[in-house]
Number of protein chains: 2
Amino acid sequence: MPRNRRPQNREEKRDEIVTAAAKLFIGTGYDETPMTAIAAAAGVATNTIYWYFDDKDALLVAVLDRVLAEALADASERADAPWEDQLMWAVERLDQYGRLVTVVHARTAIAPVIDAWHADFHRLAEDMLAGGFRSAGVPEESLRASVQIGVFVIEGLLLHPDTAPSRREVINLLARPTHVHRDPRRDEARPRSGS
Amino acid sequence: MPRNRRPQNREEKRDEIVTAAAKLFIGTGYDETPMTAIAAAAGVATNTIYWYFDDKDALLVAVLDRVLAEALADASERADAPWEDQLMWAVERLDQYGRLVTVVHARTAIAPVIDAWHADFHRLAEDMLAGGFRSAGVPEESLRASVQIGVFVIEGLLLHPDTAPSRREVINLLARPTHVHRDPRRDEARPRSGS
DNA sequence: GAATCGTCTTGGATGGCAGTCAAGATAAGG
DNA sequence: CCTTATCTTGACTGCCATCCAAGACGATTC
């Protein structure tokens, strides 16, 4: 019979650990922060973390879930803004999480939990982008490819902090997909517009 | 006075180590292959590697340099192929190096040597893409942004092996930048060509 | 041809890390 | 008060990159 000793303290403590880990993972990096540092920041013994989380990757997933949930909550408040502005805002909002983006990709190959999170996240991001592109007039036939380009560009912007200056330009070009071939088969014949 | 004991054997041995490291970094992963494994594969003692390379990151740079040089040599042979095909070929050629792409991004933040290599590589890639886009008729005003999108898309394709099926579609859409706003300010008014 | 001096190689540390184990605490339930 | 589930912890293991100090070995010098 489960006698819950500290009824909801459980969640609280877990959250404290996630908070400490989030700050360190984002600011310092995943590989660069030892579990001891997280424990110290959360004010617990290192091993206590292993009571709440299977391993460091599970903790990373918890951090990712929280960060994503917060971002989505913020995003829902401006769901009626113009599509381009939403995109721009999202990139700026996520900018601080560049290190998380890299580590997710790095660990996807070796940690199944991270791989699963990554796949879920891509589905979500693709759905959202598909909605945006559709509303921007991209035809169904090139929607998949446009969405994938969109995902890659956003990831790229986050992955390369030094590209911030040209960010606006890139997003404008991305969000306004005049890049709609009317008929792919006619592409071969169509003359180039440049010199 | 430098008395060279085994005159050119030096380069040979170094190359053997790089060969072993390349195979393991690409096939198994950087973080996943200990120095001992590289040493065993190269038939030397672990510490011998440290005679030829400062540390594991320096070895990674050597691997990256070789892989890039080989790819560029191959590429020069088809410099006269159509721009789209060159792009497609490049992505397929680099596909096998997905793990290297992730690790470069992961270590850029912490290893200055990797950061420097990464910056150089981006300059090179951007120059090449700029040439391609220019020849495809992208006007100067949106060239920078197009190039950046190009780099991000290629990186994205390499970073996400599961997107291989739609690769061709994505590259076609990318390489044929009908996404040329003739005048950004007129974008607001211009009717969409889609349904 | 023996001492010497760079070039290279290696066995054996060292210190940091993630994760394990088994021994406690603590408080609710009986 | 004693059992039991929940939680916490110190001590430990094993892996890893990297360092150190001792050698091996051939060319140079005398």
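Using a cutoff of 4.0 Å between basic side-chain nitrogens and carboxylate oxygens, A/Asp95 and A/Arg167 are scored as salt-bridged.
For the segment residues 25-34 of chain A, residues with any heavy atom less than 4.0 angstrom from an atom of DNA chain C are, sorted by number, A/Thr33, A/Pro34. Within residues 55-63 of chain A, no residue places a heavy atom under 4.0 Å from DNA chain D. Near DNA chain C, meaning a heavy atom under 4.0 Å away, there are no residues from residues 101-111 of chain B.
Taking the six-membered ring for Trp, A/Tyr30 and A/Phe25 have ring centres closer than 6.0 Å.
Each of A/Thr19, A/Leu59, A/Val44, A/Thr46 was evaluated against A/Ile38; a single residue qualifies, A/Leu59, per the side-chain contact (heavy atoms from CB on, under 4.5 Å) test.
As rounded to whole Å, 18 Å separates atom P of C/dG12 from atom OH of B/Tyr50. The distance from atom CZ of B/Arg14 to atom C1' of C/dT9 is 17 Å, rounded to the nearest whole Å. In this structure, B/Asp54 atom CG and D/dA17 atom C1' are separated by 14 Å, rounded to whole Å. Spacing between atom OH of A/Tyr52 and atom C1' of D/dT9 amounts to 13 Å, rounded to whole angstrom units. The CE-P distance, from B/Met35 to C/dT10, rounds to 14 Å in whole Å.
Under the side chain to side chain contact (heavy atoms under 4.5 Å, CB included) criterion, B/Ala37 pairs with B/Leu24, B/Pro34, not counting sequence neighbours.
The two residues B/Ala175 and B/Ala136 come nearest to each other via the heavy atoms O-CB, 4.0 Å. Across all non-hydrogen atoms, the minimal contact from A/Ile26 to A/Gln96 is CG2-O, 3.5 Å.
In this structure, of D/dT18, C/dT10, D/dC7, it is D/dC7 that holds the atom nearest to the side chain of A/Trp51. Among C/dT10, C/dC8, C/dA18, the nucleotide with an atom closest to any side-chain atom of B/Thr48 is C/dT10.
For residues 40-81 of chain A, no residue pair satisfies the ring-ring contact (aromatic ring centres under 6.0 Å, His included) rule, not counting sequence neighbours. Pairs engaging residues 99-129 of chain A under the ring-ring contact (aromatic ring centres under 6.0 Å, His included) rule: A/His105-A/His118, A/His105-B/His160, A/Trp117-A/Phe121, A/His118-A/His122, A/His118-B/His160, A/His122-B/His160 [sequence neighbours left out].
Between A/Lys13 and D/dT6 there is no side-chain polar atom (N or O) within less than 4.0 angstrom of OP1 or OP2.
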